[in-house]
Every structure is written in C-alpha cells, then in structure tokens.
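For reference, the structure discussed in these notes is given below.
Here is how names work: the chains are called A, B, and so on, in the same order as the sequence lines, proteins then strands, and each is numbered from 1.
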Protein chains: 2
Amino acid sequence: MRYSKQRKEILEIIKTTNSHPTADWIYERVRTQIPNISLGTVYRNLRQLVDNDLIHARTVNGMVHYDGNLGDHQHFYCTDCGILYDLDLSLEDFVSEITENLGHVIHECDLQFNGICNSCQQEQ
Amino acid sequence: MRYSKQRKEILEIIKTTNSHPTADWIYERVRTQIPNISLGTVYRNLRQLVDNDLIHARTVNGMVHYDGNLGDHQHFYCTDCGILYDLDLSLEDFVSEITENLGHVIHECDLQFNGICNSCQQEQ
DNA sequence: CAAGATAATAGTAATGATTACTATTATTTA
DNA sequence: TAAATAATAGTAATCATTACTATTATCTTG
C-alpha cells in the first residue's frame with residue numbers, strides 16, 4: 001500500500017475525529033484541504049484502510065461510520081440525536097455504568113459475535 | 001393498519017423462517033404465492049411491520065436482515081458462509097457457550113446499546 | 001538519482017438497495 | 001352496502017457505493 005497525500009489526509013481526519021464520521025462527511029472535510037479530490041477516492045481509501053486494519057467500520061441505521069479508535073471498546077447510539085458515543089467498559093458492570101454513571105437510557109442492546117462457524121471449520 | 005393478503009403472506013414468511021432473510025429473498029419467496037406482487041410492496045410492508053414491532057430488522061454487512069423472533073436473543077454471524085445464527089444465552093457465560101459448546105470461533109464482538117442519551121433527556 | 005513498474009487518482013458512468021409517485025384496487029366500518 | 005381511505009402494482013427516482021479508464025504520483029532498484 002502506497003501513501004498518497006489523499007490517503008494520509010483521510011487517515012489523519014479519521015484518527016483525529018471521535019464522532020464516527022460517514023464517507024460523505026469525510027469527503028466534505030477532506031475537500032477543504034484537497035478541493036478536487038474525488039468521492040471515489042474517499043471510498044476506495046476507506047475500504048483500503050479498513051482492509052489493512054488501520055480503521056474500523058460500523059454500520060448504524062444503514063450508514064457506514066468509520067472509527068479511528070482501534071482499541072477494544074463498545075458504543076452507545078442515541079436514537080434521538082444520532083450521536084454514536086464511545087464506551088470503554090468491562091463486561092461485568094457495563095449496564096450500571098451506562099445508566100447510573102453516564103445517565104443514558106437503554107432501549108435496545110445489540111450484541112453480535114462474528115467469526116467462523118462450526119460447519120465452515122469442518123470444510124477446511 | 002389493514003391486513004392485505006400481501007401483508008399476511010410477508011409476515012407469515014418471516015415468522016416461519018429462522019434464516020434472517022433479506023428483502024430480496026422475501027420478495028422471491030412471496031412471488032411463488034403472489035406472482036405479480038411488487039417489490040415496493042415488500043419494502044413498504046417490511047418497514048410497516050418493523051414500525052409496528054411485529055418483526056425486527058438487523059443490518060449485517062450493509063444488508064438489512066429481518067427477524068420474526070421477537071424474544072430477547074443474540075446472534076452469531078459467520079464471516080465465511082454468511083449465515084446469521086440465533087443465540088439464546090445468559091450474559092455471564094456466553095463466550096464459553098459459543099466456543100466450547102457450539103464450536104464457533106469468535107473473531108469479533110459487536111456490542112452496541114441504543115437508547116436516549118443524557119443530553120437529549122435534558123432537552124425534554 | 002533516474003527510470004521503469006505499478007498503485008493511486010480524478011472524473012464519470014454504472015450498480016444495487018431502497019424509496020417516492022400515481023392511478024387503481026381492496027379492506028374496513030358504520 | 002357504500003363511502004372513506006389504506007394498500008397495491010408498476011414505474012421512475014434517489015442515494016450510497018462501486019466500477020471503469022486514461023492520467024498522474026509513488027515506490028523501488030540498479
């Protein structure tokens with residue numbers, strides 16, 4: 001992977017933003033620095049950066065949000081204002097942390113494990 | 001909300017399918033019963049059914065999957081074959097249940113809480 | 001350091017899932 | 001049973017994302 005100034009700028013924006021921006025938001029932002037950058041370049045780089053594990057992608061409400069924080073952490077999504085908050089919690093007491101300490105009201109809990117299932121392992 | 005034969009058939013399909021189908025899969029399936037049903041009708045009904053909490057929607061890999069199982073449960077997504085398995089686990093011992101009993105290998109854990117955040121509550 | 005190899009780019013066209021629109025049809029309820 | 005209106009089929013439009021192509025920038029190696 002080569003490092004063009006477009007790629008450097010896109011990575012820099014994601015790394016210094018903790019609001020989990022979308023591709024379009026990143027495009028508008030990077031255009032202030034590189035006015036004639038192509039939207040396709042933004043998408044190509046986002047995919048490249050995710051594939052190389054330099055950033056993470058997360059789909060919320062059908063839109064992909066990018067996250068430069070690679071540390072193991074969870075999220076709280078406000079269904080009213082749409083902000084996706086970072087959470088840094090131990091599994092034992094996350095619920096009380098969210099409701100009592102942070103004051104958010106939980107309506108849904110969205111837990112999913114990704115990996116290779118039993119039957120796919122048999123085939124290898 | 002009225003109950004047309006299209007709506008009844010779509011709901012029936014989702015309720016009797018545990019493979020978390022997509023809109024397009026449901027469209028192909030319902031067409032065997034109602035050949036001239038419109039794809040728009042399928043989407044309109046899926047939204048309606050989700051809004052009325054008769055089914056749940058879940059986005060995986062940028063595609064919306066529908067779930068007729070309204071009970072509190074978690075999921076395991078195989079990144080190889082793409083099957084989204086149902087899990088019914090207590091939070092304490094879910095990881096050992098998945099790896100030891102079910103034999104799946106976990107690569108990622110995707111945990112998100114949805115609700116109303118502290119600052120949105122202040123505004124009300 | 002120069003030059004060839006090739007990865008990345010800008011710009012544009014295409015795709016694919018989903019939504020909007022409109023005239024017509026079906027369901028409801030009084 | 002008939003008026004009120006929700007839902008439909010069919011089609012066009014939208015919106016995020018991807019594909020394509022000729023050109024440009026980056027990397028590597030002699």
How would you label the contact of B:Ile37 with the nucleic acid (heavy atoms, under 4.0 Å): base, sugar-phosphate, or nothing? sugar-phosphate
Separation of B:Lys5 atom NZ from C:dA26 atom C1', in whole Å? 9 Å
Measure across A:Asp67 and A:Ile14 and return the closest heavy-atom pair with its distance rounded to 0.1 Å. C-CG2, 4.0 Å
How close or far is atom P of C:dT19 from atom CE of A:Met63, stated in whole angstroms? 13 Å
Whole-Å gap separating C1' (C:dT18) and CZ (B:Arg44): 13 Å
Donor-acceptor under 3.5 Å (B:Lys15 side chain, B:Leu54 main chain): yes
Between C:dT27 atom P and B:Arg2 atom CZ, what is the distance in whole Å? 9 Å
Comparing B:Ser4 and B:Arg47 on DNA chain C - which has the more 5′ nearest nucleotide: B:Arg47
Between the side chain of B:Gln48 and the main-chain N/O of B:Arg7, is any donor-acceptor distance below 3.5 Å? no
Taking the side chain as every heavy atom from C-beta outward, state whether A:Trp25 and A:Ile13 have any atom pair closer than 4.5 Å. yes
Ranking B:Asn36 and B:Met1 by the position along DNA chain D of their nearest nucleotide, the one closer to 5' is B:Met1
So how far off straight is the helix from C:dC1-D:dG30 to C:dA30-D:dT1, going by the axes through five pairs at either end, to 10°? 50°
In whole angstroms, how far is the P atom of C:dA14 from the OH atom of A:Tyr43? 19 Å
Within the structure provided, determine whether B:Asn45 and B:Lys8 are in side-chain contact (heavy-atom separation under 4.5 Å). no
What is the 5' to 3' range of DNA chain D, first to last nucleotide, that sits under 4.0 Å from any heavy atom of chain B? D:dA4 to D:dG10
Using a 4.0 Å heavy-atom cut-off across all strands, classify B:Asn45 as base, sugar-phosphate, or nothing. sugar-phosphate
Nearest heavy-atom pair of A:Ile10 and A:Thr41: which atoms, and what distance? CD1-O, 4.3 Å
Pair A:Glu28 + A:Arg31: basic N to acidic O under 4.0 Å: yes
Taking atom types as modelled, find out whether A:Asp86 and A:His20 have a side-chain donor-acceptor pair closer than 3.5 angstrom. yes
Where each residue is assigned the nucleotide of DNA chain C containing its nearest heavy atom, which of B:Ala23 and A:Gln48 is assigned the position nearer the 5′ end? A:Gln48
Starting from C1' on C:dT29, measure out to OH on B:Tyr3 and report it in whole angstrom. 17 Å
Enclosure of B:Asn18 CG (heavy-atom neighbours >12, cutoff 6.0 Å): no
